[in-house]
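Residues take their numbers from the sequence shown, with the count starting at 1. For ligands, and for the atoms within them, numbers begin at 1 and follow the listed sequence.
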Amino acid sequence: MSHADGVILGIESSCDDTAAAVVDSGGRILSSVVATQTQIHAPYGGVYPEFASRAHVLSVVPTVEQALREAGVEPRDLQAIGVTRGPGLIGSLLVGLNTAAGLGMGWDVPVIGINHLRGHLRSADLEEQRVRYPAIVLLVSGGHTFLARMEDAGTIQLLGSTRDDSVGEAYDKVGRMLGLGFPGGPAVDRLAKEGTPSIPFPRPMIHEGLEFSFSGLKSAVARYLDQHPDAPKAEVAASFVDACMQILLTKCRKALKAWPSASLVVVGGVSASPQLREGAQKLCRNLRVELCLPPLRWSTDNAAMIAFATWDYVKLGHAPPPLPQTDLAITEY
Ligand code: KG4
Ligand code: ZN
């Protein structure tokens with residue numbers, strides 16, 4: 001197969017999925033493979049870091065091989081390898097980083113370290129390049145929750161992030177309290193559709209700037225369940241989801257009013273939520289801005305978004321090293 005600008009291999013191993021993907025310079029995805037560890041962590045109700053690292057060790061090479069095979073490309077077709085350098089679980093990150101470094105050396109291909117959150121931010125442009133700039137971006141994942149403004153694909157200004165838990169973490173913990181298994185997000189959303197939001201859970205910091213706080217909401221759900229052990233679970237789930245949506249959408253509205261923008265972009269695992277997708281749609285219709293959502297399969301962790309973000313660096317001639325990165329630092333190239 002010939003691709004004028006070559007293709008990029010992306011490798012992602014920051015948390016509990018081992019992923020590899022091959023993407024061309026236009027954002028076309030030639031392959032995307034995700035080896036999920038959900039079964040391994042489910043009995044613990046959360047990601048067990050040492051088990052995650054061990055599972056990555058076993059699956060990383062087969063996952064890369066499968067991604068190359070499905071894309072029909074050879075190592076000599078690779079323009080670069082992009083690998084997640086953080087934030088994430090350090091043992092898990094090191095598996096991807098060392099694998100990428102070894103393959104790059106063996107194949108004589110440059111290896112570029114990519115911030116996982118930058119990958120999420122670029123995920124809405126995969127396949128169709130649909131984002132219109134300037135944009136307000138809401139990133140809602142298991143590890144992070146923040147609002148940013150993007151002047152263009154490379155200029156990111158952080159507007160406000162969570163002071164404690166991420167919204168995905170709150171979803172997972174509430175899922176566990178309701179006995180819904182791991183990860184809690186999709187199950188909480190499904191159960192919420194069967195109930196009405198009748199319980200007035202708090203909306204922490206809803207009127208304060210563009211920062212977020214979800215730990216108080218999570219504790220309020222725990223307290224309520226302690227005091228009302230027989231409460232209908234669907235009512236609790238619906239009331240929790242309603243609080244999350246109101247907080248997230250109020251902050252989006254505030255950001256869109258403060259910075260006139262062509263679009264609202266919602267990315268990260270929680271952007272798979274049908275309630276959030278619907279709420280964001282309504283908000284954007286009212287404010288007459290475009291809503292840009294990644295197709296569902298690019299909302300949760302994958303390596304296509306990492307490979308795609310790597311193209312930004314290749315085009316600029318920048319090559320951050322494949323070393324662990326522990327700070328947020330998404331705003332710097
Ligand atoms: O982006 P992601 O795959 O991994 C991180 O970078 O953290 O996000 C994972 C998070 C988990 O907290 C999971 O419960 C949540 O995304 N999630 C959802 C849904 N699907 C995944 N939350 C709400 N509704 C969903 N449908
Ligand atoms: Zn992620």
Side-chain angles (χ1 to χ4, degrees), residues 10-19 21 32 34-38 41-42 45-47 49 52 56 83-89 92-93 96 114-124 126 137-146 161-162 164-178 180-193 212 214-215 217-218 237-238 240-245 247-249 265-280 293-309 325 328 330:
I11 300 177
E12 152 66 39
S13 70
S14 63
C15 191
D16 60 339
D17 290 319
T18 320
S32 175
V34 181
T36 175
Q37 302 178 5
T38 305
H41 303 294
V47 178
H56 286 307
V83 58
T84 304
R85 62 189 300 221
L89 301 171
S92 293
L93 288 167
I114 298 295
N115 182 294
H116 179 81
L117 301 173
R118 185 178 279 272
H120 275 303
L121 290 179
R122 299 292 280 123
S123 65
L126 276 167
V137 191
L138 173 70
L139 185 148
V140 276
S141 72
H144 296 85
T145 297
F146 66 73
S161 53
T162 182
D164 40 58
D165 292 357
S166 70
V167 64
E169 210 173 329
Y171 257 89
D172 290 337
K173 290 189 175 149
V174 167
R176 192 155 65 180
M177 292 175 211
L178 294 173
L180 298 177
F182 169 81
V188 170
D189 276 340
R190 269 195 303 276
L191 186 60
K193 287 194 171 161
F212 301 86
F214 287 97
S215 79
L217 171 59
K218 174 195 70 187
F240 165 75
V241 169
D242 190 53
C244 290
M245 293 307 131
I247 296 165
L248 294 173
L249 295 169
V265 180
V266 188
V267 293
V270 184
S271 75
S273 161
Q275 285 90 334
L276 181 53
R277 288 182 168 238
E278 213 172 285
L293 289 162
L296 275 184
R297 59 191 296 236
W298 311 127
S299 286
T300 46
D301 285 351
N302 64 83
M305 66 185 194
I306 301 300
F308 187 52
Q325 182 187 32
L328 199 63
I330 40 161

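- Distances below 4.0 Å separate heavy atoms of Gly143 from the following atoms of ligand 1: 7 (O).
- Interatomic distance, Ser13 OG to His116 NE2, rounded to the nearest 0.5 Å: 10.5 Å.
- The contact set between ligand 1 and Ser273, taken as ligand atoms under 4.0 Å from a residue heavy atom, comprises 23 (C), 24 (N), 25 (C), 26 (N).
- Residues His144 and Leu117 form a side-chain contact, since some pair of their non-hydrogen atoms from C-beta on lies under 4.5 Å apart.
- Under 2.8 Å from the Zn ion (ligand 2), one finds the following protein N/O/S atoms: His116 NE2, His120 NE2, Asp301 OD1.
- The ligand atoms of ligand 1 that sit less than 4.0 angstrom from a heavy atom of Asp189 are 23 (C), 24 (N), 25 (C), 26 (N).
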Check the pair Val34, Thr18 against side chain to side chain contact (heavy atoms under 4.5 Å, CB included), reporting the backbone distance first and the verdict last. CA-CA 6 Å; Val34 181; Thr18 320; over 6 Å; no
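- Inter-residue side-chain proximity for Met305 and Trp298 is flagged as unmet; no heavy-atom pair is nearer than 4.5 Å.
- When side chains are defined from C-beta on, Val140 counts as touching Leu248, because their heavy atoms get closer than 4.5 Å.
- Less than 4.0 angstrom separates some heavy atom of Gly168 from each of these atoms of ligand 1: 12 (O).
- Not a single heavy atom of Gln275 sits closer than 4.0 Å to an atom of ligand 1.
- When hydrogens are left out, the protein atom nearest atom 9 (C) of ligand 1 is Gly142 N, 3.6 Å; that is the closest non-hydrogen contact.
- Contacts between Asp301 and ligand 1 below 4.0 angstrom, taking non-hydrogen atoms only, involve backbone and side chain alike.
- The contact set between ligand 1 and His116, taken as ligand atoms under 4.0 Å from a residue heavy atom, comprises 6 (O).
- In this structure, atom 13 (C) of ligand 1 lies nearest to the protein heavy atom Asp172 OD1, 3.8 Å.
- With contacts defined as side-chain heavy-atom distances shorter than 4.5 Å, the pair Asp189/Val241 qualifies.
- Atoms of ligand 1 found under 4.0 Å from any heavy atom of Ala272 (numbered from 1 in listed order, with element): 20 (N), 26 (N).
- Side-chain contact check for Asp165 versus Tyr171: every heavy-atom pair is 4.5 Å or farther apart.
- In summary, the side chains of Asn302 and Ser32 do not present any donor paired with an acceptor at a separation below 3.5 Å, with no hydrogens or angles considered.
- No part of His144 comes within 4.0 Å of ligand 1, judged by heavy-atom distances.
- Taking every non-hydrogen atom of His120 and a distance limit under 4.0 Å, the qualifying atoms of ligand 1 come out as 1 (O), 6 (O).
- For atom 20 (N) of ligand 1, the candidate residues are Pro87, Ser141, Gly269; the nearest heavy-atom contact is made by Gly269.
- Put simply, the side chain of Thr36 does not reach to within 4.5 Å of the side chain of Asp16, judged on heavy atoms.
- When heavy-atom distances to ligand 1 are checked against a 4.0 Å cut-off, Thr300 comes that close through both its backbone and its side chain.
- A donor-acceptor contact closer than 3.5 angstrom links the side chains of His120 and Asp301.
- From the protein, the heavy atom lying nearest to atom 22 (N) of ligand 1 is Gly185 CA, 3.4 Å.
- Inclusion of Gly268 in the set of residues having an N or O under 3.5 Å from an N or O of ligand 1 is not warranted.
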Pair Phe212-Phe146, ring-ring contact (aromatic ring centres under 6.0 Å, His included): steps then yes or no: CA-CA 8 Å; Phe212 301 86; Phe146 66 73; 9.1 Å; no
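- The shortest distance between side-chain heavy atoms of Val267 and Arg122 does not fall below 4.5 Å.
- A heavy-atom distance below 4.5 Å is not found between the side chains of Thr84 and Ile114.
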